[in-house]
Amino acid sequence: FLPPEKKQRILTGGKYPFAPNCHPPTFWKSVVTGDPYRVRGIWIVGSNPLVTGTQGLTAEKALRDHMEYTVVSDLFMTPTAQLADLVLPAAHWLEQDDLVYMHKIWCVLSRKKLAQIGEARDDRDVMFDVAHRLGLQEAFPWPDRYAYLNWLLEDTGMRFEEFKEKDILMGQMRYRKYESDGFPTPSGKFELYSNVMEHEGRPPLPVYMEPPLSPVSTPELIEEYPFILMTGTKKLEFFHSEMHQIRSLRTRHPDPVVEIHPEAAARLGISDGDWVRLESPYGRARLKARLFDGLAPDVVNAEHAWWYPEAPPPDYRWKESCANLLYGDDHFDPDTGAEPLKCYICRVSKV
């Protein structure tokens with residue numbers, strides 16, 4: 001088993017040396033092309049990559065035509081789950097016993113299982129069972145999830161059943177730790193000049209790079225695509241593609257929205273609430289216009305990850321209003337592989 005950073009290097013051919021994990025667009029393309037190798041099975045846990053990622057059509061082709069076996073664990077059927085060979089009903093967090101420490105710097109919380117609905121199982125219970133059947137006891141030495149939770153609590157002197165009654169374990173909050181511990185850099189100092197970046201042959205100081213598609217980089221395209229496109233801003237009712245099937249939230253936010261400056265809308269004959277079509281050099285999406293003067297007149301802000309759970313399966317009309325489909329797969333940050341989700345180009349027209 002290779003460490004994650006080496007797997008990333010193999011898949012991307014050494015590109016994106018500072019990508020925090022597997023580069024999704026490269027991964028889906030590799031499944032379709034087999035370059036540099038083809039992943040033949042995948043287990044997707046609580047994710048809907050057809051809608052939440054930028055290469056939804058490639059991901060669809062990979063899952064439908066090239067992946068030999070796909071498992072999806074989720075609470076609801078999604079466009080991604082419809083392409084799975086096996087769908088596992090996942091346990092909700094109210095159906096789990098767990099330690100909660102993600103994003104918690106100074107404390108650990110207990111999560112107590114309140115209900116068991118049907119055959120829903122915690123994903124980790126399934127992971128332990130599969131790992132043990134595959135003979136991976138060395139990597140998964142715990143007989144079950146509760147043994148794993150007890151192992152996490154080992155230094156506290158408590159077992160999980162005791163910790164459940166305690167609810168929270170707090171550590172000492174320390175300030176100015178750098179005065180005694182230094183910074184987590186090779187020099188132990190606060191580094192404006194990054195030796196790590198320099199070692200990888202990358203600029204050790206921040207360097208401004210013009211977006212790959214912009215009035216400056218591609219002036220020949222601006223007459224056809226005059227707007228700068230932003231996506232990915234969060235909405236109160238939804239989290240990426242989650243919660244679109246919750247009736248009360250959809251009542252508050254029933255349609256996919258693109259924000260556009262009133263001056264630009266007037267120039268195009270667009271009124272507040274009109275359905276409009278966004279088109280980029282790579283794709284299109286249908287959204288409802290909302291006039292907003294907090295944007296620059298040449299900028300539009302489109303909601304991402306839209307699908308229609310009320311529509312017929314298997315596709316739930318996910319290709320209709322998914323702004324993620326406006327992005328191509330040939331512009332990535334050379335260091336992290338990040339995509340220009342806040343600085344693309346598009347045109348807007350009334351439907």
Side-chain angles (χ1 to χ4, degrees), residues 20-32 39 41-67 69-93 95-96 102 120-124 126-127 231-250 253-258 278 282-287 302-327 329 337-339 341:
N21 47 36
C22 180
H23 189 242
T26 302
F27 169 77
W28 292 117
K29 186 183 293 186
S30 74
V31 175
V32 173
V39 174
I42 188 171
W43 183 1
I44 300 172
V45 178
S47 184
N48 190 11
L50 262 63
V51 177
T52 58
T54 57
Q55 302 306 308
L57 297 179
T58 304
E60 179 186 49
K61 183 175 179 61
L63 294 174
R64 186 187 60 221
D65 301 333
H66 297 278
M67 197 69 73
Y69 198 74
T70 299
V71 179
V72 170
S73 301
D74 214 323
L75 300 171
F76 301 95
M77 289 301 294
T78 66
T80 301
Q82 287 285 352
L83 294 175
D85 298 284
L86 174 66
V87 178
L88 299 177
H92 187 270
W93 60 269
E95 301 173 88
Q96 299 174 352
M102 184 181 292
R121 296 186 69 194
D122 190 299
D123 295 319
R124 288 158 300 181
V126 184
M127 290 176 189
T231 62
T233 52
K234 303 299 186 292
K235 299 300 174 183
L236 181 64
E237 294 84 3
F238 310 126
F239 182 71
H240 300 297
S241 73
E242 294 180 27
M243 309 302 179
H244 287 74
Q245 64 273 70
I246 306 302
R247 182 173 299 177
S248 59
L249 298 179
R250 281 295 296 283
H253 197 122
D255 302 308
V257 167
V258 55
L278 269 63
Y282 297 94
R284 61 173 57 184
R286 178 177 176 271
L287 301 96
E303 294 179 355
H304 75 301
W306 262 87
W307 60 298
Y308 296 91
E310 70 275 15
D315 65 342
Y316 304 105
R317 289 166 45 205
W318 73 270
K319 299 172 188 175
E320 182 177 316
S321 300
C322 186
N324 302 27
L325 293 176
L326 295 168
Y327 293 90
D329 65 350
E339 300 173 73
L341 303 179

Exercise. Does Y69 use its side chain to pair, donor to acceptor, with the backbone of D85 at less than 3.5 Å?
Worked result: no

*Please answer whether the main-chain N or O of H304 pairs with a side-chain N or O of N324 as donor and acceptor at a distance below 3.5 Å.*
no

Gap separating the [atom1] atom of [X] from the [atom2] atom of [Y], nearest 0.5 angstrom:
X    : Y    : atom1 : atom2 : result
E242 : F76  : CD    : CZ    : 9.0 Å
K235 : E303 : NZ    : CD    : 5.0 Å
R124 : Q96  : CZ    : CD    : 5.5 Å
L83  : I42  : CG    : CD1   : 11.5 Å
D255 : Y308 : CG    : OH    : 6.5 Å
I246 : F238 : CD1   : CZ    : 9.5 Å

Evaluate the side-chain proximity of [Y] to [X]: yes if any heavy-atom separation is below 4.5 Å, no if none is.
X    : Y    : result
K319 : L57  : yes
L326 : T231 : no
E339 : P25  : yes
S47  : T80  : no
S73  : W43  : yes
D122 : E95  : no
E237 : M243 : no
P49  : W28  : yes

inquiry  = Listing request: all salt bridge (charged side-chain N to carboxylate O under 4.0 Å, His left out) pairs with a residue in residues 304-313, at least two apart in sequence or in separate chains.
reply    =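 Residue pairs passing salt bridge (charged side-chain N to carboxylate O under 4.0 Å, His left out), neighbours aside: R250-E310.
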
For [X] versus [Y], what's the shortest heavy-atom pair and its separation?
X    : Y    : value
A90  : L75  : O-CD2, 3.2 Å
P256 : R286 : CG-O, 4.0 Å
A285 : C322 : CB-O, 3.9 Å
A81  : V87  : O-CG2, 3.6 Å
P79  : W307 : CD-CE3, 3.4 Å
Y316 : P309 : CD2-O, 3.7 Å

When T58, L63, T78 are each screened for side chain to side chain contact (heavy atoms under 4.5 Å, CB included) with L50, the one that passes is L63

TODO: Might you work through the side chain to side chain contact (heavy atoms under 4.5 Å, CB included) test for W318 and L325, ending with a clear yes or no?
DONE: CA-CA 10 Å; W318 73 270; L325 293 176; 4.0 Å; yes

